[in-house]
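Everything below concerns the one structure shown next.
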Amino acid sequence: MTRLIFLGPPGAGKGTQAEVLANHWNIPHISTGDILRQAMKERSPLGVKAQSYVDRGELVPDQLVQELVEERLAKPDTAPGWILDGFPRNVSQASFLDELLQKRVPDGVSVINLEVPDEVLISRLLGRGRKDDTEEVIRRRLEVYREQTAPLIDFYRERQQLKSVNGNQPLEKVTAEAQKLVDSVRDDLMI
Ligand code: AMP
């Protein structure tokens with residue numbers, strides 16, 4: 001069973017890596033950003049509630065995101081594992097996830113922190129052309145990352161779940177390193 005959380009600032013390549021590795025392991029790639037964008041496109045109640053936060057680069061309220069993650073992780077396709085991309089985004093979401101997993105699968109969650117220098121992040125994000133990738137919103141998303149998400153690095157490091165990968169290298173190299181780290185955790189657990 002493979003359970004992986006991708007941590008890292010916006011533009012670090014979490015989505016790209018999560019997609020490739022989810023295909024490789026044949027497990028779902030769960031991106032809260034993708035789910036929220038889909039909900040906004042459909043103008044579902046979740047989408048309508050989330051829209052103004054996403055447009056400003058702010059975090060959507062914890063309760064909304066936590067509910068969607070709880071629902072998604074309850075689907076049967078997650079039985080062989082999952083990759084989370086964009087969740088948790090702050091300490092309270094991480095605690096929520098902890099409790100949720102305690103009920104089912106307490107051990108063996110790997111956390112990979114993708115490290116990328118700021119100037120690379122900004123040029124990647126500006127080149128991406130997503131609606132929330134304007135310069136002002138990007139700046140806010142990076143601030144929100146530093147204030148609220150970066151503390152999760154220590155949170156997971158203290159629990160010895162954190163592995164770091166240099167995200168400023170060719171895509172295939174990042175994938176290979178992440179894959180190796182997660183496979184080694186899984187092999188340890190099987191002993
Ligand atoms: P992402 O695609 O992960 O960059 O997310 C895009 C936007 O969706 C973020 O800037 C937030 O507004 C919102 N979002 C995604 N995941 C979360 C989360 N875990 N908690 C709160 N807001 C989120």
Side-chain angles (χ1 to χ4, degrees), residues 3-22 28-75 78 82-101 109 111-116 118 120-153 155-156 161-162 165 167 171 174 178:
R3 290 179 296 259
L4 173 61
I5 296 170
F6 266 115
L7 215 60
K14 300 185 297 292
T16 308
Q17 293 300 328
E19 188 65 44
V20 174
L21 286 167
H29 163 205
I30 302 175
S31 155
T32 44
D34 284 351
I35 296 171
L36 291 169
R37 277 185 288 280
Q38 182 64 31
M40 293 187 298
K41 209 167 109 191
E42 291 166 0
R43 305 211 181 287
S44 72
L46 170 67
V48 171
K49 286 183 206 143
Q51 184 92 50
S52 67
Y53 298 95
V54 175
D55 287 350
R56 284 179 287 131
E58 302 293 339
L59 294 187
V60 171
D62 289 342
Q63 207 197 330
L64 285 180
V65 187
Q66 288 169 186
E67 260 171 42
L68 85 80
V69 168
E70 182 163 12
E71 256 175 51
R72 184 64 190 84
L73 287 180
K75 294 199 175 155
T78 60
W82 39 254
I83 300 181
L84 275 176
D85 151 24
F87 185 94
R89 224 33 174 244
N90 59 28
V91 172
S92 65
Q93 292 181 10
S95 306
F96 171 85
L97 182 65
D98 252 10
E99 271 188 35
L100 189 67
L101 298 182
V109 178
V111 182
I112 290 188
N113 183 34
L114 285 179
E115 295 181 320
V116 176
D118 272 9
V120 177
L121 295 176
I122 292 166
S123 75
R124 280 188 189 175
L125 291 166
L126 283 172
R128 205 159 67 167
R130 222 166 66 184
K131 194 169 160 252
D132 58 343
D133 282 340
T134 63
E135 208 164 334
E136 193 193 340
V137 180
I138 288 173
R139 204 170 301 126
R140 183 61 194 144
R141 279 166 45 221
L142 287 171
E143 258 172 35
V144 168
Y145 167 77
R146 277 192 210 99
E147 290 163 9
Q148 306 195 43
T149 312
L152 292 180
I153 296 174
F155 178 94
Y156 287 116
Q161 279 175 291
L162 191 83
V165 170
L171 200 155
V174 178

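Just so it is clear, the values below take in all heavy atoms, side chains as well, and ignore hydrogens, waters and symmetry mates. Counting starts at 1 for both ligands and their atoms, in listed order.
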Sequence neighbours excluded and cut-off under 3.5 Å, please list the side-chain donor-acceptor pairs for residues 41-49, or say none.
| residue | atom | partner | partner atom | Å |
| --- | --- | --- | --- | --- |
| E42 | OE2 | Q38 | NE2 | 2.7 |
| S44 | OG | G47 | N | 3.2 |

*Considering non-hydrogen atoms only, spot the tightest contact between R124 and A12 and give its length.*
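It is NH1-O, 3.2 Å.
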How long is the span from the [atom1] atom in [X] to the [atom2] atom in [Y], to the nearest 0.5 Å?
X	Y	atom1	atom2	value
K14	N113	NZ	CG	9.5 Å
L4	D85	CG	CG	10.0 Å
D133	R141	CG	CZ	5.0 Å

_Within the 4.0 Å heavy-atom sphere of ligand 1, strictly under, residues_ = T32, G33, L36, R37, V54, E58, L59, V60, V65, G86, F87, R89, Q93, R130, D132, R141
*Can you find a heavy atom in the side chain of L97 that is under 4.5 Å from one in the side chain of L73?*
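Side chain of L97 against side chain of L73, heavy atoms only: contact under 4.5 Å found.
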